[in-house]
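The structure under discussion appears below in the form of structure tokens.
Treat the numbers as computed from the prediction; the structure is a model and nothing was measured.
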Amino acid sequence: MMLDSTKLLPLVIAASLGLSACGGGGSTGSDSTEPPATGGSVTPTWVQGQFASDASLANQCSANQTGSTLTEKLWLRSWSNDTYLWYNEIIDRDPAPYLVAEYFDLLITDELSDSGSRKDNFHFSMSTDEWNALNQSGASVGYGINFELTNGSQSGARKVTVTYNEPDSPASAANVTRGAVIVEIDGVSVKDANDSASIDILNAGLFPSQDGKQTTFTIRDLGAAVDRTITLTAQTIVSTPVQNTKTIQTTSGKVGYLQFNAHIATAERGLFDALTTLSQAGVDDLVIDLRYNGGGLLAMASQLGYMIAGEEATAERTFEKTNFNGKHPNVNPVTNQSLSPMPFIDESLGFNTGLLAGGSPLPTLDLKRVYVLTTTGTCSASEALMNGLRGVDIEVIQIGGTTCGKPYGFYPTPNCETTYFTIQLKGVNDKGFGEYSDGFVPSTSPTLASEVQGCMLDDDLGHALGDTDERLLSAALYYRDNERCPTIATSTARVLAANEFVDEGFMLKDERNQTLWQNNRIITDIKGTL
């Protein structure tokens, strides 16, 4: 679903990203003045229930007059009818009255899941240039602040709290660290803003769209008695998806820890280096911090699963099998290749060849157990990692909150300078399990397949990530020693999950790259391995 400024969404965390529909978002709704497709071909038309092949309509664009907004919309319609997982639940509407972006919003199921939540909350697009920059380099415009938002209409006072910052960013230079609360933005109170003009100022400050934008923040640092005021200048931030790799020495052995924030191309090198370090240190256990990892490249989750479990546990086993809609039981409709399960990948794939070339053997820890720290921001490829490991009998201990619930995936598909993301597949592990649309739930006594042995605990914004006194990491270490959860009083405050859409009151919008593009399995066809 494309963002609507009149229906602003709650967020969990991530780096700021603007989503634009360059393939028609600025066009008029009517197609009456659009030129016909060039080359002497017959102008395509909409006939209810009849669909031309999407290939015959691809890249016929209004912007360069090779086509029209109508051809762009008809391509979206045919492409969705062919590849959307729930294609038969799309209402076939005449595209003429709608903008391209508006029409794409309608090419989605309105059905609900068994739990009563919306079946599809992750339907979106962005400019192709923006997608390429974000996926390949982790680059987006911002200050390097990653934060959690509690929206006031649901849980009391609206609050924006820093969860972590990006190294070498304006935020880190100004020492804006985890636990700091943003009190005001350009003179507008975060807590008290109650009109659309004030909300617009807050959103513009939190989500800058251009380099050079200066924003004044009043913040209350963790533990501070008084506020301080800083001015940050937005710039293109290159995220560091793998951070805080360390070895924790305990009386019963060495425990590895790493913070993994996003399955993007640049993370391949970071994970390679982190797991090499931990392997050389001879760690006995691993705590992987996925609490802010919304997902991304599925093959990277497979690589990480292999590095955790090792060759013996994963040889000839499936990391994830993908199922498409009923039109395509045996052939991948995107690649036209016969469907085959994704294995546990044991070598680098060269997602970003400037950092790590393909074909390098991956390091392994050969562990039988892994501790995973989670929140509602843990989504899709991160959940696939948990599910894939459980499928080959690696014990997963879940510490934290229920994950977002996203067993689905897509292939990013460009058309007319916009890249579209629509759910096309569902994944299951080696045991055939993939039904966790309401998330993986940590439980001291699991009874459902989606319940995972572990401890339900709130995120702890009062300690740095990787600090052994931080609630979730401390609980993982305690569980390791005692085979049970610690007794910890937790807050009843609730942060809204990424898939809870709210349009009441004055809501700040979500941090869009985390709750949209990253909260899914992204499939790429690298070297024929996927």
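Side-chain rings of Phe217 and Tyr143 approach one another, their centers coming within less than 6.0 Å. Ring-centre distance between Phe122 and Tyr408: not below the 6.0 Å cut-off.
Between Thr163 and Arg178 there is a side-chain heavy-atom pair separated by less than 4.5 Å. Counting heavy atoms from C-beta outward, Ser340 and Asn332 have side chains that stay 4.5 Å or more apart. Counting only heavy atoms from C-beta outward, the side chains of Thr236 and Asp211 approach each other to under 4.5 Å. In this structure, the side chains of Thr403 and Gln398 come closer than 4.5 Å at one or more pairs of heavy atoms. Counting heavy atoms from C-beta outward, Ile288 and Leu258 have side chains that approach closer than 4.5 Å.
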Practice task
Verify salt bridge (Lys or Arg N to Asp or Glu O under 4.0 Å) between Glu148 and Arg291, making sure each step is shown before the conclusion.
Solution key: CA-CA 12 Å; Glu148 169 188 284; Arg291 73 185 84 188; over 6 Å; no
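Between Phe410 and Phe421, the angle of the ring planes goes over 60°, which puts this pair in the perpendicular group of the 30/60° scheme. Ring geometry for Tyr436 against Phe440 counts as parallel: the plane angle stays under 30°, on a 0 to 90° scale with 60° as the upper cut.
Gln214 and Thr233 share a side-chain donor-acceptor pair at under 3.5 Å. Side-chain atoms of Thr177 and Asp221 include no donor-acceptor pair closer than 3.5 Å.
The structure places CZ of Arg471 at 9.0 Å from CG of Leu461, a figure rounded to the nearest 0.5 Å. In this structure, Asp120 CG and Thr422 OG1 are separated by 6.5 Å, a value rounded to the nearest 0.5 Å. A distance of 10.0 Å separates CD in Glu320 from CZ in Phe344, rounded to the nearest 0.5 Å.
Across every non-hydrogen atom of Ser437 and Pro407, the tightest pair is CA-CD, 4.0 Å.
Within a 6.0 Å radius of CG in Asp168, other residues, nucleotides and ligands contribute 12 heavy atoms or fewer. The environment of Lys321 atom NZ is sparse: at most 12 non-hydrogen atoms of other residues, nucleotides or ligands sit within 6.0 angstrom. The number of heavy atoms from other shown groups lying within 6.0 Å of CD (Glu312) does not exceed 12.
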Give the table of side-chain donor-acceptor pairs shorter than 3.5 Å for residues 297-310, with sequence neighbours excluded, one pair per line with atom names and distance.
unit_1 : atom_1 : unit_2 : atom_2 : d
Ser302 : OG     : Pro343 : O      : 2.7
Ser302 : OG     : Ile345 : N      : 3.0
Gln303 : NE2    : Glu268 : OE2    : 2.8
Gln303 : NE2    : Glu347 : O      : 3.0

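With sequence neighbours excluded, no residue forms a salt bridge (charged side-chain N to carboxylate O under 4.0 Å, His left out) with Asp366. With sequence neighbours excluded, no residue satisfies side chain to side chain donor-acceptor pair (under 3.5 Å) with Lys368.
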